[in-house]
Amino acid sequence: MAGRICVLASGSGSLLQALIDSPMQPKIVAVGADRPHVQALTRAEAAGIPTFIVDPHEYSNRLDWDAALNDRIRECEPDLVVSAGFMRILGPATVQSFRGQLINTHPALLPAFPGAHAVRDALDYGVTVTGATVHFIDEGVDTGPIIAQQAVPVLVDDDVERLHERIKVIERQLLVSVVTELMKGQDL
Ligand code: GAR
């Protein structure tokens, strides 16, 4: 698969790993993080993928951070940018640069439970079904057009960690299938 993909991640990077290991053999040209020493970067390095860090703590305001992130992503010349567990809201420069080429995966059935604590919020609300959503990123918080969703039942003895792990099993498959679809035709 020839389309160039840039992945953004902040944490353990299991979604990134699912992309790396997927049969479509995506051309991940870079993995970016918002802080050093995260497992996602270790996974990228192990797979021989170049990494970069754009840490908001090194910028005096959010717009400067966003401009730097935008520049760094543009250097990768990606066809698709995947926010896969990137725990930052992208700013206007990045969203405008990559509109329609920028997707996010979220551990809930949007528009329910947007934000950074989707699994906890769903559990606290008492829903019996939650799930995963892959959507295009717009200027809002988890508000962009939905590409694909899959439901995950909430079990009676679920806590945040157990439920999130079951969601992530589904989320990895969903993300791989969406990226595969979006990248079709890029390898001409
Ligand atoms: C995933 O569940 C992803 O949807 C979530 O972080 C997890 C990352 O997992 N992202 C958000 O909640 C963004 N609002 P990973 O680090 O194992 O790939």
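As the structure lists them, so they are numbered: ligands from 1, and atoms in each ligand from 1. Please read these numbers as outputs of a predicted model, since none were measured by experiment.
In this structure, the side chains of Val29 and Pro50 stay at 4.5 Å or more apart for every pair of heavy atoms. Side-chain contact between Val7 and Phe86: absent, with no pair of heavy atoms (C-beta onward) separated by less than 4.5 Å.
Ranking the protein heavy atoms by distance from atom 13 (C) of ligand 1 puts Met87 SD, 3.5 Å first. The nearest protein atom to atom 3 (C) of ligand 1, hydrogens excluded, is given as Glu171 OE2, 3.2 Å; this is a heavy-atom distance. Protein heavy atom at the shortest distance from atom 12 (O) of ligand 1 is Pro107 CD, 3.4 Å.
Between the side chain of Gln149 and the backbone N or O of Leu110 there is at least one donor-acceptor pair closer than 3.5 Å.
Counting non-hydrogen atoms of neighbouring residues, nucleotides and ligands closer than 6.0 angstrom, the CZ atom of Arg74 reaches no more than 12 such neighbours.
In summary, the atoms of ligand 1 found under 4.0 Å from a heavy atom of Gly115, numbered by their order in the structure, are 14 (N). Below 4.0 Å from some heavy atom of Lys168 lie the following atoms of ligand 1, by number and element: 1 (C), 2 (O), 9 (O), 15 (P), 17 (O).
At least one N/O-N/O distance between His164 and ligand 1 falls below 3.5 Å. Between Gly13 and ligand 1, a contact under 3.5 Å exists for at least one N or O pair. Polar contact check, Ala116 against ligand 1: no nitrogen or oxygen pair lies under 3.5 Å apart. At under 3.5 Å, not a single nitrogen or oxygen of Asn104, backbone or side chain, sits near a nitrogen or oxygen of ligand 1.
The heavy atom nearest to atom 15 (P) of ligand 1, out of those in Ser83, Gly85, Ser12, is found in Ser12.
Listed by first then second residue, pairs satisfying side-chain hydrogen bond (donor to acceptor under 3.5 Å, both in side chains) with a partner in residues 11-23 read Ser14-Arg172, Gln17-Asp21, Gln17-Arg43, not counting sequence neighbours.
Side chains of Ser10 and Arg35: a donor-acceptor N/O pair is absent below 3.5 angstrom, by distance only.
Between His106 and His135, the ring-plane angle classifies as perpendicular under the 30° and 60° cut-offs.
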